[in-house]
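Worksheet: one structure, shown below.
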Amino acid sequence: AAAKTPAARIPAAKTSAAPAGPVIRRALDDDMLEQLEELLIASDMGVDTALRVTANLAEGRYGRKLSVTDIKRALADEIARIMEPVARPMPIYTRTPQVVLVVGVNGSGKTTTIGKLASQFRAAGKSVIIAAGDTFRAAAVEQLQVWGERAGVPVLTAPEGSDPASLAFDAMTKAEAEGADLLLIDTAGRLQNRADLMEELAKIVRVIRKKDPTAPHNTLLVLDATTGQNALSQVEIFRKLADVSGLVMTKLDGTAKGGVLVALADKFGLPIHAIGVGEQIDDLAPFDPQEFARALTG
Ligand code: GDP
């Protein structure tokens, strides 16, 4: 029937869509699947998830002759299917102040992400307060003050080495008194002494709950894409230290394509609220599963 349509009668040479050369098709066989697995593993996806993705790809397609474009598209579709359920922006509640605890190892991009989030919420017309809860790291406090200035958001600090929980309590008091919409609380990321960190985070939560039993409303774990598979163990560790409700992955503007996000989605199913795509204040983007899947499959 297709041959009878007018378009089909147009000589191939005269159509602009004529391919430059013959399309090479390859059978989706074991050899091809193995190559694809290796590609996915190299993107930090991990062996288990890479195997699952290629198994899904093979279903209904095994042995068929496909072009490279078809294979890439099908692979991207399989990845997007895993990622779609976790691509969710941070929920905003009507209850104020909404308390957002931000956790993650030092260097993951916590401070930067807090600055970017503060700026986005400000732009959306929300009033925001930041609490510099990593009181043991003077550099982190200074860094947050710079971000606060850029975002036009007040930053509450406490003397170096003082109790972060007491700062969190003061911040809650101020946020309530001023009717702030959001309170973003930075926390320490020293994994060297995990018992201390656990106690510190637990105490912050206890103290916040004296003011609002429903807080913190979000606990964001910030992960660095360049750490690859380490992100998996960081999620495992931080889920023991705090009630992680969502993820932000930073540094996706570099060479790291963040394949580990697929493994994370597969294993934990935690929502991915945003991704960091640079060092500037506007470099925080919503997580787009299709775009991510396309970038990963090349
Ligand atoms: P913290 O120790 O977790 O608070 O981490 P910082 O926020 O201080 O970030 C550590 C470094 O990573 C800084 O040099 C940031 O500029 C950089 N950084 C953070 N997020 C991103 C990102 O999305 N892309 C890039 N390229 N760099 C980032």
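Just follow the structure's listing: the first ligand is 1, and inside any ligand the first atom is 1. Please read all numbers here as calculations on a predicted model, not as lab measurements.
- Ligand 1 does not have G104 within reach: every non-hydrogen atom of the residue lies 4.0 Å or more from it.
- With a 6.0 Å radius and a threshold of 12 heavy atoms from other residues, nucleotides or ligands, D253 has its CG atom above the threshold.
- A salt bridge links E236 with K267; the closest basic N to acidic carboxylate O contact falls under 4.0 Å.
- When non-hydrogen atoms are compared, ligand 1 lies under 4.0 Å from neither the backbone nor the side chain of T113.
- Of all the atoms in ligand 1, the ones that sit under 4.0 Å from a non-hydrogen atom of G107 are 1 (P), 2 (O), 3 (O), 5 (O), 10 (C).
- Enclosure of atom CD in Q35 by more than 12 non-hydrogen atoms of other residues, nucleotides or ligands within 6.0 angstrom is indicated.
- Taking a cutoff of 4.0 Å between a charged side-chain nitrogen and a carboxylate oxygen, K257 and D44 do not qualify as a salt bridge.
- Put simply, no part of L284 is less than 4.0 Å from ligand 1, judged by heavy atoms.
- Any N or O atom pair closer than 3.5 Å counts here, and T250 shares no such pair with ligand 1.
- A cation-pi contact, defined as under 6.0 Å to the ring centre and within 45° of the axis, is absent between R239 and F268.
- Close contacts between ligand 1 and V277 involve ligand atoms 23 (O) [criterion: under 4.0 Å to a heavy atom].
- Per-residue contacts place G276 under 4.0 angstrom from the following atoms of ligand 1 (heavy atoms of the residue considered): 23 (O).
- Annotation: atom 18 (N) of ligand 1 to nearest protein heavy atom, K251 CE, 3.8 Å.
- The pair K203-D163 meets the salt-bridge criterion, since a charged nitrogen lies less than 4.0 angstrom from a carboxylate oxygen.
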Verdict with reasoning, D212 to R95, per salt bridge (Lys or Arg N to Asp or Glu O under 4.0 Å):
CA-CA 10 Å; D212 177 357; R95 185 174 186 135; 3.1 Å; yes
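- Contact annotation: for K116 versus ligand 1, heavy atoms closer than 4.0 Å belong to the side chain alone.
- Looking only at protein heavy atoms, the nearest one to atom 5 (O) of ligand 1 is G109 N, 3.0 Å.
- At a 4.0 Å heavy-atom cut-off, ligand 1 touches D253 through the side chain alone.
- Salt bridge status for R81 with E78: present, with a side-chain N to carboxylate O gap under 4.0 Å.
- Considering only non-hydrogen protein atoms, atom 22 (C) of ligand 1 sits nearest to G278 O, 3.1 Å.
- Remark: R64 does not engage D70 in a salt bridge, criterion side-chain N to carboxylate O under 4.0 Å.
- At a heavy-atom cutoff of 4.0 Å, ligand 1 is contacted by no atom of Q280, backbone or side chain.
- Applying the 4.0 Å criterion to heavy atoms of R137 picks out, from ligand 1, the atoms 1 (P), 2 (O), 4 (O).
- Scanning the protein for heavy atoms near atom 4 (O) of ligand 1, the closest one is T111 OG1, 2.3 Å.
- Under a 4.0 angstrom heavy-atom cut-off, S108 registers as being in contact with ligand 1.
- Set against the non-hydrogen atoms of V105, the atoms of ligand 1 under 4.0 Å away are 3 (O).
- In this structure, L223 is not a member of the same hydrophobic cluster as L220, with clusters built from ILVMFWY side-chain heavy atoms closer than 4.5 Å.
- The contact set between ligand 1 and N106, taken as ligand atoms under 4.0 Å from a residue heavy atom, comprises 2 (O).
- For ligand 1, the atoms lying closer than 4.0 Å to a non-hydrogen atom of K110 are 1 (P), 3 (O), 4 (O), 5 (O), 7 (O).
- Among all protein heavy atoms, the one lying closest to atom 7 (O) of ligand 1 is T112 OG1, 2.5 Å.
- The nearest heavy-atom contact from the protein to atom 14 (O) of ligand 1 is E279 OE1, 3.5 Å.
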The test is side-chain contact (heavy atoms from CB on, under 4.5 Å); show your working for W147 and I114 and say whether it passes.
CA-CA 8 Å; W147 280 113; I114 290 172; over 6 Å; no
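- Taking the charged nitrogens against the carboxylate oxygens, E200 and R190 do have a contact shorter than 4.0 Å, which makes a salt bridge.
- Heavy atoms of other residues, nucleotides or ligands lying less than 6.0 angstrom from CD of E199 number more than 12.
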